[in-house]
Asks: 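Would you mind keeping the following structure in view while I ask a few things?
In this text, all values refer to a predicted model and were calculated from it rather than measured experimentally. All residue numbers in this chain count up from 1 along the given sequence. Numbering of ligands and ligand atoms starts at 1, following listing order.
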Amino acid sequence: MINLEVKIPNKEQSYPIYIEQDKIENLKTKILQHIKGNKILVVISEKVNHLYGKVLGFSQDEIFVLKDGEKEKNFNNYKKILEKALKLGLTRKDAIIAIGGGVVGDITGFVAATYMRGIDYIQVPTTLLACVDSSVGGKTAIDTIFGKNLVGAFYQPKAVFINLNFLKTLDERQFKTGLGEVVKYIFIEKSCFCKEELNFSNYISENTEKILSRNLNTLEILIENCIKLKIAVVEQDEKELGLRKILNFGHTLGHAIEKITNYKKYTHGEAVVAGIRFAFSLAEKKGFIDKNYRFFAEDILKKFCFRPVTKLPNNKLLKAMKMDKKADSDKIVFILPIDYSVVKEFSFNEEEIFD
Ligand code: GLY
């Protein structure tokens, strides 16, 4: 078992992240050891409940099953989960457990942040995307008709339990979407200022086949590396006032692609990979990098055979990018590569972005 720790300095708060391959049936006992009170509410994805509900062993009374899909991360479900917690009589000593992908983790975290002004919550990410990104770092939110994640809070979990066995049953497209976020870390590694030198791009290049065939020992190290980089960033900038923005590498265009295709046509990872490709060509066009680095990046991306995104109208992409909550007044903010594994934030007027 790998045991990492996140330390948020100004809050003197720290929490463990466990990465393991132990049997799923042992998870409940381990989770309960991190809970002070005697009541829990478990918010679980419908798919995960169907596959693992019995093995996990929580009682029917204490679970809230959330249907799958981004559209479930809404006000109505937020209210229903809060009401379920109230009905169960949870107090501040008790805890809420999120078992599922990013949707479950985000909405549950936001319930936990606001229930009685804050109750403990534990993340059990079951998708690769949630393991390497959303379950770590305390971003919680729900979506509104005005956009994704517009209502939320920074609220760190009490613990994160990553059990690699969940990844065995993840469908191929969901697995690949997680790899979209994984490859992002190659290109931002040095900018994370992680004390340990991980040489992540070498690890990925040397282990591509094993990653794609879901060798659990390889995935364990892969996830550990991504999380070490994310921890380094979050510990330096929990609230995304500066450094944390680098985690949005590939996301400016990625979010716009998802938005104008109504979050239906492409997965998050597919859109982010298209955003990474675009960031490389924009950086080359601006003279920040030479073509060799762009070819290097393209070679890595090709190995994973990500589903390509078809050309979308520039005017629609620009409109969506300007509406992004990370947009800076009327300029559009991009994180762009400037050297191997080094990125920097830039703001552009819309006419400076496309040819
Ligand atoms: N997903 C980006 C972040 O956690 O900041």
Side-chain angles (χ1 to χ4, degrees), residues 4 6-11 13 15 17 70 73 98 100-110 112-113 121 123 125 127-143 147-157 160 162 174 177-189 191-194 200 223 225-259 263 266-276 279 321 324-328 333-336 343-345:
L4 303 175
V6 185
K7 298 189 196 84
I8 305 292
N10 52 351
K11 290 189 181 156
Q13 183 191 354
Y15 58 92
I17 299 174
E70 185 69 35
K73 215 171 95 181
V103 169
V104 172
D106 285 6
I107 193 168
T108 306
F110 187 51
Y121 80 112
Q123 289 268 23
T127 64
L128 180 60
L129 188 65
C131 291
V132 297
D133 189 28
S134 59
S135 69
V136 177
K139 274 191 181 175
T140 75
I142 53 171
D143 301 337
K148 261 175 81 170
N149 298 326
L150 291 181
V151 178
F154 287 98
Y155 193 65
Q156 302 292 337
V160 181
I162 295 175
Q174 280 309 315
T177 197
L179 289 178
E181 285 284 351
V182 167
V183 293
K184 172 189 86 178
Y185 287 101
I186 299 174
F187 307 117
I188 65 170
E189 180 174 351
S191 293
C192 294
F193 301 108
C194 182
F200 196 44
I223 292 170
N225 283 337
C226 292
I227 293 180
K228 278 182 173 166
L229 292 169
K230 180 146 188 187
I231 291 175
V233 172
V234 170
E235 286 183 346
Q236 293 168 81
D237 178 24
E238 182 199 10
K239 299 266 170 79
E240 200 171 312
L241 300 171
L243 182 71
R244 188 164 179 168
K245 291 183 197 167
I246 66 166
L247 297 176
N248 296 319
F249 178 54
H251 285 61
T252 307
L253 189 84
H255 282 152
I257 291 168
E258 287 183 278
K259 192 168 175 140
Y263 301 96
Y266 301 108
T267 65
H268 179 66
E270 288 159 6
V272 167
V273 168
I276 291 175
M321 287 193 283
D324 195 288
K325 67 179 178 308
K326 280 153 192 136
D328 164 12
V333 179
F334 278 90
I335 305 298
L336 295 183
V343 288
K344 198 173 160 210
E345 183 185 338

Asks: In the protein, what heavy atom is nearest to atom 4 (O) of ligand 1, and what distance, to one decimal place, separates them?
Replies: Lys230 NZ, 2.6 Å
Asks: Assess the side chains of His251 and Glu181: does a donor N or O sit below 3.5 Å from an acceptor N or O?
Replies: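 Yes, side-chain donor-acceptor contact under 3.5 Å.
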Asks: Could you list which atoms of ligand 1 come closer than 4.0 Å to a heavy atom of Leu247?
Replies: 2 (C), 3 (C), 5 (O)
Asks: Of the protein's non-hydrogen atoms, which lies at the shortest distance from atom 5 (O) of ligand 1, and what is that distance?
Replies: Arg244 NE, 2.7 Å
Asks: Would you name the heavy atoms of Gln156 and Tyr15 that are closest together and state the gap between them?
Replies: OE1-OH, 2.6 Å
Asks: Heavy-atom contacts with Asp133 under 4.0 Å: which atoms of ligand 1 show up? List them by number with element.
Replies: 1 (N), 2 (C), 4 (O)
Asks: Knowing that exactly one of Val6, Ile17, Leu4 qualifies, which makes a side-chain contact (heavy atoms from CB on, under 4.5 Å) with Val160?
Replies: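 Testing each of Val6, Ile17, Leu4 against Val160, the sole residue satisfying side-chain contact (heavy atoms from CB on, under 4.5 Å) is Ile17.
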Asks: Check whether any side-chain N or O of Asn149 sits under 3.5 Å from a backbone N or O of Asp143 as a donor-acceptor pair, and report yes or no.
Replies: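 No: the side chain of Asn149 does not pair with the backbone of Asp143.
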Asks: Is there a heavy atom in Glu181 that sits closer than 4.0 Å to ligand 1?
Replies: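 Distance cut 4.0 Å: Glu181 fails for ligand 1.
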Asks: Only one of Ile223, Asn225, Val132 passes side-chain contact (heavy atoms from CB on, under 4.5 Å) with Val182; say which it is.
Replies: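 In the set Ile223, Asn225, Val132, the residue that makes a side-chain contact (heavy atoms from CB on, under 4.5 Å) with Val182 is Val132.
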Asks: Does any N or O of ligand 1 fall below 3.5 Å from an N or O anywhere on Lys139, backbone included?
Replies: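 N/O-N/O distance below 3.5 Å exists for this pair.
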